[in-house]
Amino acid sequence: MSLPRPFILELRCPVEMSILSWIRGVIAQTAAALGLPEEDLSKIEMSVDEACANVIEHAYPDPPEEALPLTVRVEAMTDALRIMVCDSGVGAGDLRGAVKSIEEYVEVKRYRGLGTHIMQRFMDEVEFVQSPGEGTRVCMVKYLTPPNATVGSA
Amino acid sequence: MSLPRPFILELRCPVEMSILSWIRGVIAQTAAALGLPEEDLSKIEMSVDEACANVIEHAYPDPPEEALPLTVRVEAMTDALRIMVCDSGVGAGDLRGAVKSIEEYVEVKRYRGLGTHIMQRFMDEVEFVQSPGEGTRVCMVKYLTPPNATVGSA
Amino acid sequence: MKTFEVDIRSLDSSPDVRVIALNGYLDAHTVADFDRCTDELIAAGTVKIILDLQGLSYISSAGIGALMGLSQRLKKDGGELVLLQPTQKVFKILDLLGFTRIFHLCDSEDEAEQILRS
Amino acid sequence: MKTFEVDIRSLDSSPDVRVIALNGYLDAHTVADFDRCTDELIAAGTVKIILDLQGLSYISSAGIGALMGLSQRLKKDGGELVLLQPTQKVFKILDLLGFTRIFHLCDSEDEAEQILRS
Ligand SMILES: Nc1ncnc2c1ncn2[C@@H]1O[C@H](COP(=O)(O)OP(=O)(O)O)[C@@H](O)[C@H]1O
Ligand SMILES: Nc1ncnc2c1ncn2[C@@H]1O[C@H](COP(=O)(O)OP(=O)(O)O)[C@@H](O)[C@H]1O
């Protein structure tokens, strides 16, 4: 079972923490339909959750001007799943402040900076693009096996 | 549990029947996250499935020019869930050929025309817009209880 | 992720009765598999079928149309189609649309066998 | 749809040990509920906690941070935090990130009790 590709899924939603479980559900559903193994599914679900939680927590210190200030865009291509999490918020923040290792995280006892660390560990490619006043875009990629290379698929 | 609204979900995908189960999954996930009862969930899932299956079966007698010829757009507003299923295909077909009742369906023994009948029975509003050569748009609405009117919500 | 599977057996007590167990969903995609399977059974002379729906998670208009067509063909040949134990979700869909008054629905294989014997 | 629930009880055999059972998901949304609950326990003098994770379906960095913070506070007061039976999914997340080497994980309540007694 593998979904025909390419396809695109886009979510636009308010910056409220209670939206996160729905976003995770839709992402997990999609990763599962692509036939990805449980472990990749968890990694993708968590990376998207972390990027979205960051938008909700950090991007808009003041109430956002847009009605739907958080965008999640999933592009399932033949060889990769590209996921973009975008906001039009402050476009500034200590994105390079991510912990380098769990040892550092435990040592420092601040218990912050784990979200961006997780994205970088769990996805194959991660890019952060920030422009002050224009927002932040996190672009994450997970490589996929092209459908015709899948052994035993229907 | 009720999702903060408004939010928008948009899917763009190829016209292949194997995409349907994923679309149903995403729609059911969303309807469930809105706190809708099982029965409404089934009705919405099935109506969207029927509209999408029609695009795949009827809209493109020749291979479509676009890479992603089927669009499903879900708008969760305060008082309603609006779902649009759009294609840019032939924009013609016997949309008024829907069976008027199950009795007629059983009588005629053609076993067609049930899809549009189901959409009209299961959704609160259904509108079909067709322009020859420009495609078909099915717009379906299910009324929602505004979040602040929900008894006992968190 | 399982999509659709068909499992066919005969009843020990009534070898002319075929039990087809469906697993997964019967939609516009998987209905082709279902039609192929029932075509083969009918070509081989089967006229009495129990369709075990315990494992069916979803049915669309394409699936309902296939069941209607199958029922009609079996009746024409002097046989019958009986639906066995649909899940609550599938039952609800069939019931909301009025198909529980049209199909023969049964709660047990024994009851289905009785109907097909009479 | 259940999101997050916390259930607190004491061990019959060690009344100073609190068992907190989590149900649902511990993410950036529900972590506030979790923090409120553990703040209250600590204010009431609790220093030994078994966190029963059998019903926890998901944990995010916010949840992991909360567990780390809780563990640190309990240790400072001479107590300890033990995690009991995470689901396979939550275990995998903690393990991939290296947290199974940092938290005390147990397979049974008895084992957890032993650790907290010693
Ligand atoms: N969308 C965003 N907009 C503004 N700043 C962000 C955004 N995402 C991340 N950041 C910045 O990056 C930092 C590191 O994020 P993260 O690693 O997830 O840890 P944490 O959220 O715990 O601080 C945040 O503290 C914040 O300053
Ligand atoms: N997206 C579409 N593009 C073109 N024609 C369509 C479309 N959707 C529906 N139709 C037309 O409407 C008719 C009725 O559809 P429906 O009630 O679902 O029954 P069925 O698909 O079994 O014919 C179809 O036979 C087709 O002619």
Side-chain angles (χ1 to χ4, degrees), chain A residues 1-36 41 45 48-49 52-53 55-56 60 63-64 66-78 81-82 84 86-87 147-148 150 153-154, chain B residues 1-36 41 45 48-49 52-53 55-56 60 63-64 66-78 81-82 84 86-87 147-148 150 153-154:
Chain A
M1 215 310 301
S2 191
L3 227 45
R5 309 202 283 268
F7 66 82
I8 291 175
L9 175 144
E10 195 171 293
L11 311 178
R12 298 187 49 215
C13 37
V15 281
E16 295 194 31
M17 289 298 184
S18 58
I19 201 91
L20 290 173
S21 64
W22 171 67
I23 296 176
R24 289 198 304 272
V26 170
I27 295 293
Q29 181 98 37
T30 303
L34 284 168
L36 293 175
L41 216 139
E45 178 186 22
V48 174
D49 188 42
C52 293
V55 172
I56 301 168
Y60 299 98
E66 291 169 79
L68 301 167
L70 163 59
T71 300
V72 182
R73 186 182 164 93
V74 177
E75 298 178 358
M77 316 305 290
T78 312
L81 190 64
R82 281 172 63 86
M84 272 148 302
C86 312
D87 64 67
N148 51 3
T150 311
S153 80
Chain B
M1 217 308 301
S2 190
L3 228 45
R5 309 203 282 267
F7 66 82
I8 292 175
L9 174 146
E10 195 170 293
L11 311 178
R12 299 188 49 216
C13 37
V15 281
E16 295 193 31
M17 290 297 184
S18 58
I19 201 90
L20 289 173
S21 63
W22 171 65
I23 296 176
R24 288 197 304 272
V26 170
I27 295 294
Q29 180 97 36
T30 304
L34 283 168
L36 293 176
L41 217 140
E45 177 186 22
V48 174
D49 188 42
C52 292
V55 172
I56 300 168
Y60 299 98
E66 291 170 78
L68 300 166
L70 163 60
T71 300
V72 181
R73 186 180 165 94
V74 178
E75 298 178 359
M77 316 307 288
T78 312
L81 189 65
R82 280 173 63 87
M84 272 148 302
C86 311
D87 65 68
N148 52 3
T150 311
S153 79

Relative to chain B, which segment of A:Thr71 carries a heavy atom at a distance below 4.5 Å: side chain, backbone, both, or neither? neither

All side-chain hydrogen bond (donor to acceptor under 3.5 Å, both in side chains) counterparts of B:Arg12, not counting sequence neighbours: none

Could you measure the distance from the CD atom of B:Gln29 to the CD1 atom of A:Ile23? Nearest 0.5 Å is fine. 11.5 Å

Minimum heavy-atom distance between B:Pro6 and A:Pro14, given as atom pair plus value: O-CD, 3.2 Å

Can you tell me how far apart OG (B:Ser21) and CG (A:Leu3) are? Round to the nearest 0.5 Å. 6.5 Å

side-chain hydrogen bond (donor to acceptor under 3.5 Å, both in side chains) involving B:Glu16 - partner list, sequence neighbours excluded: none

If I measure from the heavy atoms of chain B, does A:Leu68 come under 4.5 Å with its side chain, its backbone, both, or neither? side chain

Does the side chain of A:Leu11 come within less than 4.5 Å of B:Phe7's, by heavy atoms? no

